[in-house]
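Numbers here are sequence positions counted from 1. Ligands are counted one by one from 1 in listed order, and the atoms in each one are counted from 1 as well.
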Amino acid sequence: MCGIIGYTGPRQAAPILLDALKKLEYRGYDSAGMAVISLDAIQVRKMRGRLQLLANMTRDGRDLPGTVGIGHTRWATHGEPSYYNSHPHLSSSGRFAVVHNGIIENYRPLKDMLIAKGYTFLSATDTEVISNLMEYCDQGDLARTLMAAVKHLQGSYALGVLSADEPDRIAAVRRDSPLIVGRGEGENFIVSDIPAILSLTRDVYLMKDGEVALLDPEKITFFDPYGEQFDKESFHVDWDVSAAEKGGYEHFMMKEMMEQPTALRETIRPRIKDGRFVLDGLQLDPDWVKSLSMVHIVACGSAYHAGRLGKNLLEGRLGIPVDVDIASEFRYRQPILKPEHLVVIISQSGETADSIAALREAKGKGVKTLAIVNVVGSTIAREADYTLYTWAGPEIAVATTKGYTTQVAALALLTCCLAQERGQMSGEELQQMEALLMKLPDAAEEVLSDHKEVQRLASLFFNHKDIFFIGRGIDYSLSLEGSLKLKEISYIHSEAQPAGELKHGTISLIQPGTLVIALATGKRLRDKTISNIQEVRARGAVVLALCLEHDEEIESVADHVLRVPFLCEELEPILAILPLQLFAYYVAALNGNDVDKPRNLAKSVTVE
Ligand code: AGP
């Protein structure tokens, strides 16, 4: 997510903006910038790279005089990290400056309209549309102009805007992206989240969608979505800074788990328009798509587990074989690759050494490559022929959660897009899938809203020494991810087994009291899994079953039951993994482990 800060008051703005941006660095970014009003003109200093470079360029802000300004750290979505794509963005005349966090879904037609009206653009971003829209909608009043401009916008935004014509003011508005207003003594602030201004004020206003704030050094005026002025209630923040950076959660992992509904919404919504699946201008040649005869999915760790679910999705809809490989194996096994194949590399960081090597192996054999990546401008994103971003925002915790679930969602989008191009999904089927994908974030929110049972179960089993996950089909792929989540942060030995495979050896490890987590969310194979549950219970295992919400029979064969709502076979794994993420989190926390930075692990494995 990008970071926004704004200041209006008696002091020099740039040093204050830099200091606040430093406190927003943890959110992850690839470029930074500031705009300050000086002598009734807006001066902008911005660049790709670390914030320190911006501080050096402006001598810690001293070379950017002025008492009103906005600042930004950019987490790239539209347009690679670069000078021109950095924020703030100026309007064509230079009279308006904008910083933005979020995604404008209809920026393309707006940009075309503005270009047709003579406005000029320097960047590839969606945000620059807003600065020219401000000019296009100019009402001679900053707040009213902002209200008029956002009426044209579809998507998510938190905006801070300046006007050279109103040199002591900042206007701000949000929709789906967080934005806070801070009230000081003779100075006022806007900010993306609270930690960045805790050293300046603890009196804040949490903006709601559609509200507009107009700030000058002495006054903050709020307007409701209908443009009517109203008195907004502030509150006093008593958090410490560390808690605030995690949004009040104890760990980044919990914050990121709870961000999954938003991450899914951001990843899915811009890719489906009027019943058609559009993948960010991924110009796949229609004839080549029709000739596609095989897909190879290559990844590591959780990304590999997501890839296994992708196999289920792609084979089910396209009727072609899909191989899923661990990258460190793929690169050395002399894979058989042909021009009519597609290699899909999945990677949250986009910097995993084995996955980069696999990508280069595929490209070296002249095969088309598509990357599913979270970090914009990362190596894999830059080197693949096509890139489909998961817009999950920065993921700080080593154990991936929103990175994984948005990867599976991206694979569902890719499946529908390819099936649509190959005429293998009817209009009705595409609309059905669109409706289900649009429901998915809310369904995820429902699952994540109640932790009580998971916490209770974690308290029963957090000191176990061996925990087995079993499942069939998609439930086996899920059990791989559930087992990895648990072991990598709890340090408890855990392994996943195809439920039908137990009797071929592993069942010898089952003894009285052994915990077996049985996944039975796939309707087609559930009855078989129930038989496997009975096999392990006959040997004294304690069984925790994960099943669909109306599955009553499972109560009679399992000792404990966790339930998830049923959405559809293809997307169910995105919901079913959520309780397993929470279980792993609470078991690790009860063991007193460093949940966000587990021993021996790195967030991105950039070495072989
Ligand atoms: C998952 O929780 C782990 N952090 C790890 O398995 C990770 O998924 C794997 O290293 C791949 O990383 P990538 O997605 O950044 O390529």
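- Aromatic ring centroids of Tyr585 and His251 lie under 6.0 Å apart.
- Judged by distance alone, with hydrogens and angles left aside, the side-chain atoms of Thr267 form a donor-acceptor pair with the main-chain N or O of Ala263 at under 3.5 Å.
- Residue contacts with ligand 1 include Leu484, since one of its heavy atoms falls under 4.0 Å from the ligand.
- Between Val398 and ligand 1, at least one pair of N/O atoms sits closer than 3.5 Å.
- Regarding atom 9 (C) of ligand 1, its nearest protein heavy-atom neighbour is Cys300 O, 3.8 Å.
- Judged by distance alone, the side chain of Glu572 and the main-chain N or O of Thr521 form no donor-acceptor pair under 3.5 Å.
- Ser302 N, 4.3 Å is the protein heavy atom nearest to atom 5 (C) of ligand 1.
- Of the candidates Ala584, Ser355, Ala397, Ser349, it is Ser349 that places a heavy atom closest to atom 15 (O) of ligand 1.
- Checking side-chain atoms of Lys485 against main-chain N and O of Thr400 turns up a donor-acceptor pair under 3.5 Å.
- Near Ser347, with a cut-off below 4.0 Å to any heavy atom, the atoms of ligand 1 are 13 (P), 14 (O), 15 (O), 16 (O).
- Atoms of ligand 1 lying under 4.0 Å from at least one heavy atom of Ala399, given by number and element, are 2 (O).
- Judged purely by atom type and a 3.5 angstrom limit, Glu549 has no side-chain atom pairing as donor or acceptor with the backbone of Val564.
- For atom 14 (O) of ligand 1, the nearest non-hydrogen atom from the set His305, Gln348, Glu488, Glu395 comes from Gln348.
- Near Lys485, the atoms of ligand 1 lying under 4.0 angstrom from a non-hydrogen atom of the residue are 1 (C), 2 (O).
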(message) Assess the residue pair Ile517 and Leu580 against the criterion (side chain to side chain contact (heavy atoms under 4.5 Å, CB included)); give the C-alpha distance rounded to whole Å, side-chain angles, the decisive distance to 0.1 Å, and a yes or no.
(response) CA-CA 10 Å; Ile517 299 177; Leu580 300 180; 4.3 Å; yes

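- The contact set between ligand 1 and Gly301, taken as ligand atoms under 4.0 Å from a residue heavy atom, comprises 6 (O).
- Distance from atom 10 (O) of ligand 1 to its nearest protein heavy atom, with residue and atom name: Val605 CG2, 4.0 Å.
- Cation-pi geometry between Lys46 and Tyr83 is met: under 6.0 angstrom from the ring centre, within 45 degrees of the axis.
- Scanning the protein for heavy atoms near atom 12 (O) of ligand 1, the closest one is Thr352 OG1, 3.5 Å.
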(request) Show the numbers, then the answer: is there a side-chain hydrogen bond (donor to acceptor under 3.5 Å, both in side chains) between Thr405 and Gln260? (result) CA-CA 7 Å; Thr405 46; Gln260 289 183 107; 2.8 Å; yes

